[in-house]
Amino acid sequence: VCQNDPGFYSYTEVRITCRKRNGVTTFYNIAQAGFLGSIGDEMKQKFEIEDETALYVVFGKSDHSSPESNPAYGSGLCIYTLGNIRRAFTGAQQECYLKRSYLLPWIVHTEPRCTEDRETAAKIDDNFCGKPTNAGIGARYPLQTETNVTSEHHLATSLAIVIYQSKTVAIMGTREGMVLKVLIDGTNAPPFAEINIAEGLQRKSVARDVEFDASGEHLYMLTGNRVSLYVFVHLIYTSRRESHSRAHVIYTSRNAERHT
């Protein structure tokens, strides 16, 4: 990624799309929360992923042109590896210098079509810092993927990822004040734990911003005016041949309420 671009000439936007798995044409179109985190070894081996890091995003789906997710559609979790993200940005820049795409109208107010420069296009790599002639590039194609996890009954509002014994686990807060823990393994397994952290609150939705402490074992979550602190001690998985990959979570919890 370019590290020396004071004029922001390399600024590029790439849309991401998240399609519901199993061949349906449902697209989740409202990003609810994201988390940049590691990828567990089991998931890397299963999907032949070489990257160490990915952008995890939970999406909702809106009605028509509404800017907000409709909880009735649930939510979906999509994963974008950093390698794929870098390739999407580099490809968008190359397409622009080959005059196959457009500049972003909210940044460039002159000619929207990219200026052709094939000599530069041939030299563009992940560290390309742009030129004034093509500043503010919009990718021609989105970065597409399918859901790894879907929830038909919960609208996710926060997301954190933990790696436990080579497994990748999503911790999702919901609009109803629930915390769902889901194993990410490509099987769309149901949550192996569901915990209500908003009992007794009027504002139940879990806030988007969640935070681990320095140890990585304590996760702070906010619902209404309550801060919840969880200490995850053990995640004990049953055999994949039993109980449909269900699991139990053993934890200690401490709730602190701030009254405003």
Side-chain angles (χ1 to χ4, degrees), residues 16-18 20-21 28 30-60 69 74-86 143 145-151 154-175 177-195 197 205-223 227-237 240 245-251 253:
I16 56 176
T17 63
C18 181
K20 192 172 183 180
R21 194 178 291 273
Y28 294 100
I30 304 292
Q32 295 288 122
F35 191 90
L36 186 66
S38 300
I39 306 170
D41 287 341
E42 287 191 10
M43 193 167 81
K44 285 195 291 187
Q45 292 173 7
K46 182 173 183 177
F47 298 104
E48 299 181 345
I49 299 173
E50 297 182 357
D51 294 295
E52 298 293 329
T53 309
L55 175 64
Y56 301 81
V57 183
V58 283
F59 290 83
S69 298
S75 51
L77 170 65
C78 277
I79 304 170
Y80 310 86
T81 66
L82 283 196
N84 284 339
I85 292 173
R86 291 192 187 98
L143 179 56
T145 190
E146 293 183 332
T147 54
N148 199 289
V149 174
T150 58
S151 176
H154 295 283
L155 176 60
T157 55
S158 73
L159 176 66
I161 301 294
V162 295
I163 307 301
Y164 181 80
Q165 294 183 351
S166 300
K167 302 180 187 297
T168 307
V169 178
I171 304 172
M172 297 185 289
T174 76
R175 182 175 178 270
M178 301 294 293
V179 178
L180 312 178
K181 300 182 181 70
V182 185
L183 178 64
I184 303 176
D185 63 354
T187 65
N188 196 30
F192 61 78
E194 299 186 18
I195 304 170
I197 64 171
S205 181
V206 179
R208 179 180 295 114
D209 294 327
V210 296
E211 191 71 34
F212 285 102
D213 71 352
S215 72
E217 296 180 355
H218 304 73
L219 181 64
Y220 294 89
M221 310 183 81
L222 176 66
T223 50
V227 177
S228 297
L229 171 64
Y230 283 92
V231 184
F232 300 99
V233 182
H234 295 294
L235 294 171
I236 302 178
Y237 290 88
R240 293 189 58 82
S245 302
R246 288 182 299 173
H248 304 282
V249 61
I250 301 174
Y251 67 92
S253 67

All salt bridge (charged side-chain N to carboxylate O under 4.0 Å, His left out) counterparts of Asp51, not counting sequence neighbours = none
Hey, does Thr187 have a side-chain heavy atom less than 4.5 Å from the side chain of Lys46?
-> yes
Test Val57 against Tyr28 for side-chain contact (heavy atoms from CB on, under 4.5 Å), laying out the working first.
-> CA-CA 11 Å; Val57 183; Tyr28 294 100; over 6 Å; no
Sequence neighbours excluded, the answer for side chain to side chain contact (heavy atoms under 4.5 Å, CB included) partners of Ala207 is Leu222
By salt bridge (charged side-chain N to carboxylate O under 4.0 Å, His left out), Glu52 pairs with (sequence neighbours left out) Lys44
Rounded to the nearest 0.5 Å, how far does CZ of Phe212 lie from CD1 of Ile161?
-> 8.5 Å
Minimal heavy-atom distance between Tyr80 and Ile85, with the atoms involved, is O-CD1, 3.8 Å
Please identify each residue that fulfils side-chain hydrogen bond (donor to acceptor under 3.5 Å, both in side chains) with Thr150, with sequence neighbours left out.
-> Asn188
Output all residues satisfying side chain to side chain contact (heavy atoms under 4.5 Å, CB included) with Ser38, sequence neighbours left out; order by chain, then residue number.
-> Ile163
Can you find a heavy atom in the side chain of Thr168 that is under 4.5 Å from one in the side chain of Ile79?
-> no
Which heavy atom of Leu155 sits nearest a heavy atom of Gly60, and at what distance?
-> CD1-CA, 4.0 Å
Looking at residues at least two apart in the chain, or sitting in another chain, which of them share a side chain to side chain contact (heavy atoms under 4.5 Å, CB included) with Arg86?
-> Val1, Leu82, Asp126
Heavy-atom closest contact (Thr223 atom, Ile197 atom, distance) | OG1-O, 3.5 Å
Sub-4.5 Å side-chain heavy-atom contact between Val182 and Met172 = yes
Can you list the residues that meet the side-chain hydrogen bond (donor to acceptor under 3.5 Å, both in side chains) rule with Asn148, with sequence neighbours excluded?
-> none
Got a second to check how far Leu143's CG is from Thr17's OG1, nearest 0.5 Å?
-> 7.0 Å
To the nearest 0.5 Å, what is the distance between CD (Glu211) and OH (Tyr220)?
-> 9.5 Å
Given side chains that start at C-beta, do those of Glu50 and Thr81 come closer than 4.5 Å, heavy atoms only?
-> no
Kindly determine whether Glu42 and Asp185 satisfy side-chain contact (heavy atoms from CB on, under 4.5 Å), including the steps that lead there.
-> CA-CA 8 Å; Glu42 287 191 10; Asp185 63 354; over 6 Å; no
Kindly write out the residues that satisfy side-chain hydrogen bond (donor to acceptor under 3.5 Å, both in side chains) with Ser69, not counting sequence neighbours, or none if the list is empty.
-> Gln32
Rounded distance (nearest 0.5 Å) linking atom CD1 of Ile195 with atom CD1 of Ile171 | 9.0 Å
Kindly give the heavy-atom pair with the smallest separation between Leu159 and Phe35, and that separation in Å.
-> O-CD1, 3.5 Å
Which atom pair, heavy atoms only, marks the closest approach of Thr147 to Cys18?
-> CG2-SG, 3.5 Å
Under a 4.5 Å cut-off applied to non-hydrogen side-chain atoms, are Tyr56 and Ile39 in contact?
-> yes
Any donor-acceptor pair under 3.5 Å linking the side chain of Ser151 with the backbone of Ser75?
-> no
Which residues satisfy the side-chain hydrogen bond (donor to acceptor under 3.5 Å, both in side chains) test with Thr174, sequence neighbours excluded?
-> Glu176
Which pair of non-hydrogen atoms, one from Ser158 and one from Arg208, has the smallest distance, and what is that distance?
-> CB-O, 3.7 Å
With the side chain counted from C-beta on, respond yes when Val179 and Leu219 share a heavy-atom pair under 4.5 Å apart, and no when they do not.
-> no
